Amino acid sequence: MTIQEIEQSINLYGKNIYSFCLQLTTNQETADELYQETWLMACKNAEKMNANENVKSYLMSVAIHLWKNQKRKFAWRKRIAPTEEFFEETGEVIESQVRDGLEVYLEQETQSVVRKAVGKLSEKYRIPILLCYMEEMSLADISKTMGIPLGTVKSRLNYARKRLEQELEEYRYE
């Protein structure tokens, strides 16, 4: 890929990649860093990337690998010298259209509850859920992005859905 094609990819997928980074890290500052590192890595590996293949999937896999490396480094440092908690929950709420105040509040509260429930999932289950529902990736793309078999993706999604259903049971509107 050329630098121009990478710039095009930033315009096409930048918001999706950033949103994914934010959901993955649950911290805006950390998400900003992960987002920048993802694009830096894309620029470094531009010659390896193919514009005809699924660039978004490739960028998601780069973000996942960088995130896992950051977590591994953090865990190592924490064992050596414990510090304040690194991963904090952000209070940000996805923008919504201007509507009745109560409706907006309920929507924001629902998003917050779902975000917290997804955040409670272990990374093994959280990443496929985010890729499937937030990024609307196909199961085959998730399999390729995560480097795991298709059957594993299906079983992890199934398990995550059941956990989320249990977690969100008390918040159902009937």
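Note that the structure is predicted; figures quoted are calculated from it, not measured.
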Q: For K56 and E135, run salt bridge (charged side-chain N to carboxylate O under 4.0 Å, His left out): C-alpha distance rounded to whole Å, both residues' side-chain angles, the deciding distance at 0.1 Å, then the answer.
A: CA-CA 9 Å; K56 182 180 176 184; E135 297 304 325; 3.4 Å; yes
Q.
Using side-chain contact (heavy atoms from CB on, under 4.5 Å), reason through K154 and L139 one step at a time and then give a plain yes or no.
A. CA-CA 7 Å; K154 289 177 180 179; L139 297 180; 3.9 Å; yes
Q.
As a quick check of understanding, evaluate side-chain contact (heavy atoms from CB on, under 4.5 Å) for K116 and S112, giving each step before the final call.
A. CA-CA 6 Å; K116 286 178 184 175; S112 176; 3.7 Å; yes
(Q) Between I127 and K68, is the side-chain contact (heavy atoms from CB on, under 4.5 Å) condition met? List the steps. (A) CA-CA 11 Å; I127 292 173; K68 287 181 179 181; 4.3 Å; yes
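Interatomic distance, L130 CG to R115 CZ, rounded to the nearest 0.5 Å: 10.5 Å. Atom NE2 of H65 and atom OG1 of T145 lie 8.5 Å apart (nearest 0.5 Å). To the nearest 0.5 Å, the span separating CD on Q166 from CD on E169 amounts to 9.0 Å. Rounding to the nearest 0.5 Å gives a distance of 10.5 Å between CG of N16 and CE of M137. The distance from the CG atom of L24 to the CD1 atom of I17 is 11.0 Å, given to the nearest 0.5 Å. Here the NZ atom belonging to K124 is positioned 9.0 Å from the OG1 atom belonging to T152, to the nearest 0.5 angstrom.
When only modelled atom types and interatomic distance are considered, Q70 and E37 share a side-chain donor-acceptor pair under 3.5 Å. A donor-acceptor contact closer than 3.5 angstrom is absent between the side chains of R161 and Y125. No side-chain N or O of N54 forms a donor-acceptor pair with one of S57 less than 3.5 Å apart.
Panel note: side chain S143, backbone I148; a donor-acceptor pair is recorded below 3.5 Å. Judged by distance alone, with hydrogens and angles left aside, the side-chain atoms of T38 form a donor-acceptor pair with the main-chain N or O of L34 at under 3.5 Å. Checked by atom type and distance alone, the side chain of S61 pairs as donor or acceptor with a backbone atom of Y58 at under 3.5 Å.
Between V118 and Y133 there is no side-chain heavy-atom pair separated by less than 4.5 Å. Side-chain contact between M146 and R156: present, with at least one pair of heavy atoms (C-beta onward) separated by less than 4.5 Å.
Using a cut-off of 4.0 Å between Lys/Arg side-chain N and Asp/Glu carboxylate O, E123 and K71 are scored as salt-bridged.
Among the candidates Y18, F20, W67, the single residue satisfying the ring pair (Phe, Tyr, Trp, His ring centres under 6.0 Å) test with Y35 is Y18.
Around the CZ atom of R126, the shell of radius 6.0 Å holds more than 12 heavy atoms that belong to other residues, nucleotides or ligands.
L40 and L12 end up in different hydrophobic clusters when Ile, Leu, Val, Met, Phe, Trp and Tyr side chains are linked at under 4.5 Å.
Contact detail for L168 and A117: the closest heavy-atom pair is CD2-CB, 3.8 Å. Taking all atoms of both residues into account, the shortest heavy-atom contact from L150 to A140 is CD1-N, 3.9 Å. Of all heavy-atom pairs between L22 and A31, the closest is CA-CB, 3.5 Å. Across every non-hydrogen atom of A42 and I6, the tightest pair is O-CD1, 3.6 Å. Closest approach of A160 to L121, counting heavy atoms only: CB-CD1, 4.0 Å.
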